[in-house]
Amino acid sequence: MKFPQTPEEVENEILISSEKAKDSGDLRIRQFIKILLLIKDQEIIVEGIIRIFENADNFLAQEFAGKVLEEINPKTHKDLKEVLTRTVKKWNVSVEQLPVWLQINYGLPKLQEVLEEHDTLKLDPNKIRTIRYWLNLR
């Protein structure tokens, strides 16, 4: 496992960790999180995580990406609508860390505002309801 320099390397390490989980459980992702804590440019981490939710139908990879969000809580200035559009389509609704991280990073008022525009964003209404559920929004 090497120190990631790009979002693609972050994405790849999470995917490898999910593939090796059959043999080593979550040991590899826990070790990777310790490495990620040393990265100064958190946008690299955020983009790597977004790529997991955007591209992987693999629950375990998404669960590990969620674990990274939970442990590191990386900050981003990416547009919230862009993040939602890229992540929600393939997001496994069991991975509650994504909506929680969105709330922490963007704030509840901004997140609520954007979620109310879901028709404009063309997001799955069931997934929007699930995000609202995870955040205890009625």
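We're numbering straight along the sequence, starting at 1.
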**Prompt:** Which heavy-atom pair separates F32 from K2 by the least distance, and what is that distance?
**Reply:** CE1-O, 4.5 Å
**Prompt:** Within the side chain of T6, is there an N or O that forms a donor-acceptor pair under 3.5 Å with the backbone of E9?
**Reply:** yes
**Item:** Joint hydrophobic cluster, V100 plus I50, side-chain heavy atoms closer than 4.5 Å
**Value:** yes
**Request:** First locate atom CD1 of I39, then atom CD1 of I72, and finally report the distance between them rounded to the nearest 0.5 Å.
**Result:** 7.5 Å
**Request:** Please determine which of V114, L84, T76 meets the side-chain contact (heavy atoms from CB on, under 4.5 Å) test together with Y106.
**Result:** T76
**Message:** If hydrophobic clusters are built from ILVMFWY residues whose side chains come within less than 4.5 Å, do I33 and L27 share one?
**Reply:** no
**Item:** Within 6.0 Å of NZ in K78, more than 12 heavy atoms from elsewhere
**Value:** yes
**Prompt:** Do you know the tightest heavy-atom contact between P4 and V10?
**Reply:** CB-CG2, 3.8 Å
**Fill in**
The reported gap from CZ in R129 to CD1 in I131 (rounded to nearest 0.5 angstrom) is 11.5 Å
**Ion pair R86/E47, N-O distance below 4.0 Å** = yes
**Message:** Quick check for you: to the nearest 0.5 Å, what is the distance between L98 atom CG and K127 atom NZ?
**Reply:** 10.0 Å
**Message:** I'd like to know if the side chain of D26 reaches the main chain of I29, judged simply by a donor and an acceptor atom lying under 3.5 Å from each other, with no hydrogens or angles considered.
**Reply:** no
**Asked** In Å and rounded to the nearest 0.5 Å, what is the CD to CG distance from Q62 to L15?
**Response** 10.5 Å
**Asked** Would you call I52 and F64 a side-chain contact if the rule is heavy atoms closer than 4.5 Å?
**Response** no
**Message:** Quick one: does any side-chain atom of W101 pair with a main-chain N or O of E96 as donor and acceptor, under 3.5 Å?
**Reply:** no
**Request:** Flag yes if more than 12 heavy atoms outside Y133 fall under 6.0 Å of its OH atom; otherwise flag no.
**Result:** no
**Asked** What residues, two or more places apart in sequence or in another chain, satisfy side chain to side chain contact (heavy atoms under 4.5 Å, CB included) together with T85?
**Response** L121
**Request:** Before accepting this row, confirm whether a basic side-chain N of the pair K75/E43 lies closer than 4.0 Å to the acidic partner's carboxylate O.
**Result:** no
**Request:** Output the distance between atom CZ (R28) and atom CD1 (I14), rounded to the nearest 0.5 Å.
**Result:** 10.5 Å
**Prompt:** Is there a side-chain contact between N55 and E11, using heavy atoms and a 4.5 Å cut-off?
**Reply:** yes
**Message:** Apply side-chain contact (heavy atoms from CB on, under 4.5 Å) to residues N73 and L69 and explain how you reach the verdict.
**Reply:** CA-CA 5 Å; N73 189 26; L69 290 175; over 6 Å; no
**Distance, nearest 0.5 Å, that separates CG of L108 from CD of Q103** = 4.5 Å
**Stepwise side-chain contact (heavy atoms from CB on, under 4.5 Å) check, N105 with V46** = CA-CA 11 Å; N105 192 75; V46 171; over 6 Å; no
**Asked** What's the verdict on side-chain contact (heavy atoms from CB on, under 4.5 Å) for E117 and K81, showing C-alpha distance, side-chain angles and the deciding distance?
**Response** CA-CA 9 Å; E117 301 173 19; K81 291 178 185 179; 2.9 Å; yes
**Asked** So does K89 have more than 12 non-hydrogen atoms from other groups sitting under 6.0 Å from NZ?
**Response** no
**Request:** Test side-chain contact (heavy atoms from CB on, under 4.5 Å) on V95 and F53 and set out the steps.
**Result:** CA-CA 10 Å; V95 182; F53 286 103; 3.9 Å; yes
**Asked** Going hydrophobic residue to hydrophobic residue with side-chain gaps under 4.5 angstrom, can you get from L135 over to L102?
**Response** yes
